[in-house]
Q: 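I have a structure I would like to understand better, so I am pasting it below and will then ask my questions one at a time.
Just follow the structure's listing: the first ligand is 1, and inside any ligand the first atom is 1.
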Amino acid sequence: MENKLFYDKKTGWDRMDDAEQTAMMDYAEGYKAFLDEAKTERDAVRRLQQMAEAKGFCAYERGTELHAGDKYYKINRNKGIILFVVGKDGMKSGINLAAAHLDAPRIDIRTIPLYEDNGMALFKTHYYGGIKKYQWTTIPLELRGVVCRATDDGVETIDVRIGDKPGDPVFVITDLLIHLATEQMGKSMMKGIEAEAMNVLVGSKPSQSEIETSDKIKLWVMEFLNREYGITEEDFLSAELSCVPAFKASDVGFDRSFVGGYGHDDRVCSYPAATALFDLKEVPQKTAMAILVDKEEIGSDGVTGMQSRFFDTLVADLCRADDTLFDECIERSTCLSADVCNAFDPNYPQVSEKRNDARANCGVALVKYTGSRGKSGSSDATAELMAKMRSCFNKNRVIWQTGQLGKVDQGGGGTVAMFMANRNIDTVDCGVPVLSMHAPFEVIAKLDLYAAYNGFQAFYGMKE
Ligand code: MN
Ligand code: MN
């Protein structure tokens with residue numbers, strides 16, 4: 001007799017037929033292509049805009065009337081994008097919104113980066129987000145971003161992208177040879193690599209120019225950048241350049257059940273949140289929205305982060321266009337804070353709580369609370385909302401589980417959930433379990449990615 005009294009976390013593989021497994025593997029191919037293309041939030045916004053337009057979404061202009069089924073997007077300073085489908089109820093019954101982020105840990109290039117030292121040219125850097133510094137040395141890095149030139153007419157933006165095309169050079173942060181590392185190896189992992197030693201190697205060839213300078217190698221690099229991009233050293237002052245891992249996303253394992261790649265956190269949630277919206281089969285009852293933001297990895301502050309009023313301003317515009325009070329729309333809304341959680345790692349069982357941590361291949365994970373110590377810094381979703389999502393996922397045969405952030409007092413973390421909940425929106429974390437989170441090469445299970453896609457689609461269609 002089947003035991004219906006116990007709850008068991010099971011692999012999702014037993015609950016998928018052959019056709020579903022094929023669909024899941026196909027879906028991961030599109031995701032891998034997205035990972036390779038969208039390594040910064042700017043790349044991601046550009047790609048998502050193209051994908052949205054191909055699916056019939058248009059840029060929303062303030063004052064435009066809303067009609068059920070209309071599809072729009074709104075871009076925030078090239079670094080965030082909100083996508084939405086107007087529901088049958090317009091704005092009156094609130095929004096079902098999934099909030100994910102597009103930024104990922106990386107190595108940012110400093111404002112005055114370029115210098116020459118002992119026959120080599122290097123870039124000074126400042127790491128972005130929470131990283132284990134040693135993981136970012138001795139791996140190939142690409143350079144991506146923009147240089148904004150100050151011209152007489154205003155601003156000219158130049159895209160920089162070196163390292164991803166076949167034949168491109170890459171960049172690297174060197175590390176000490178083991179033979180001379182006796183002192184370094186005795187340090188803690190926190191101190192083994194110093195942030196100010198994370199300088200990126202960018203050249204070593206002296207310029208043949210007649211210009212008088214002792215920095216002939218630095219001069220060669222500036223001559224190259226001037227030829228390729230029309231920039232001078234002063235233009236670095238208004239640039240956003242980053243080094244990101246230069247390798248492509250690939251299948252992991254004999255059975256290809258995992259994807260390894262850079263920036264799963266949080267493209268593994270933002271991609272399904274967006275594509276589930278693109279692929280909605282019918283006009284939803286409530287307005288469905290994916291809000292994809294920047295700056296989560298450094299606290300969600302700033303004009304492009306989740307704490308920015310950009311989201312509120314757009315929703316206020318939509319409410320005005322639909323004769324609805326903003327506060328009423330907001331209080332009737334529900335948010336899935338779509339962010340990754342840790343997957344149980346058999347190499348590090350000591351930090352996990354086996355019963356409660358998410359496991360790879362058990363589906364998309366609902367995380368009631370995150371935070372540190374006594375749940376500090378968590379919005380802690382209500383039991384009522386957890387039950388509502390259980391009901392929605394179960395009705396739609398979504399493969400899902402619950403997750404938590406390791407053992408109590410082991411560490412901690414947070415997501416954008418509290419910033420949505422603070423706005424008076426019922427919010428719960430919901431995302432894909434990740435192995436090696438924040439490493440240059442993170443790992444996720446394809447099954448969980450596909451479950452997230454199905455989960456977000458079920459959520460967008462949720463009526464009450
Ligand atoms: Mn994240
Ligand atoms: Mn993160």
Q: Under 2.8 Å from the Mn ion (ligand 2) - does any N, O or S atom of D265 fall there?
A: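 Yes, since at least one N, O or S atom of D265 sits under 2.8 Å from the Mn ion (ligand 2).
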Q: Please state whether the separation between the Mn ion (ligand 2) and some N/O/S atom of H438 is under 2.8 Å?
A: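 Yes, within the cut-off.
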Q: Which donor-acceptor pairs under 3.5 Å do side chains of residues 381-388 form with protein atoms, sequence neighbours excluded?
A:
| unit_1 | atom_1 | unit_2 | atom_2 | d |
| --- | --- | --- | --- | --- |
| T382 | OG1 | L385 | N | 3.0 |
| K388 | NZ | T334 | OG1 | 3.3 |

Q: Under 6.0 Å between the ring centres of H264 and Y31?
A: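 Yes, they do, as the ring centres are separated by less than 6.0 Å.
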Q: How about Y73 and F84: are their ring centres within less than 6.0 Å of each other?
A: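 For Y73 and F84, the ring centres are not under 6.0 Å apart.
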Q: Quick one: does Q401's side chain have a donor or acceptor within less than 3.5 Å of a partner on A358's backbone?
A: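 Not confirmed, Q401 side chain does not pair with A358 backbone.
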Q: Please find out if the Mn ion (ligand 1) and some N, O or S atom of C269 are separated by less than 2.8 Å.
A: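 No, C269 does not qualify, because none of its backbone or side-chain N, O or S atoms lies under 2.8 Å.
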Q: Restricting to N, O or S atoms, which atom of E297 is closest to the Mn ion (ligand 2)?
A: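 Closest to the Mn ion (ligand 2) among those atoms: OE2.
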Q: If you compare all heavy atoms of T402 against all heavy atoms of K9, which two are closest, and at what distance to 0.1 Å?
A: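 Heavy atoms of T402 and K9 come nearest at O-NZ, 2.7 Å.
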Q: Quick check: of its N, O or S atoms, which one does D339 have closest to the Mn ion (ligand 1)?
A: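 Nearest N/O/S atom: OD1.
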Q: Report yes or no: does D266 have an N/O/S atom closer than 2.8 Å to the Mn ion (ligand 2)?
A: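 So D266 does not bind the Mn ion (ligand 2) by this criterion.
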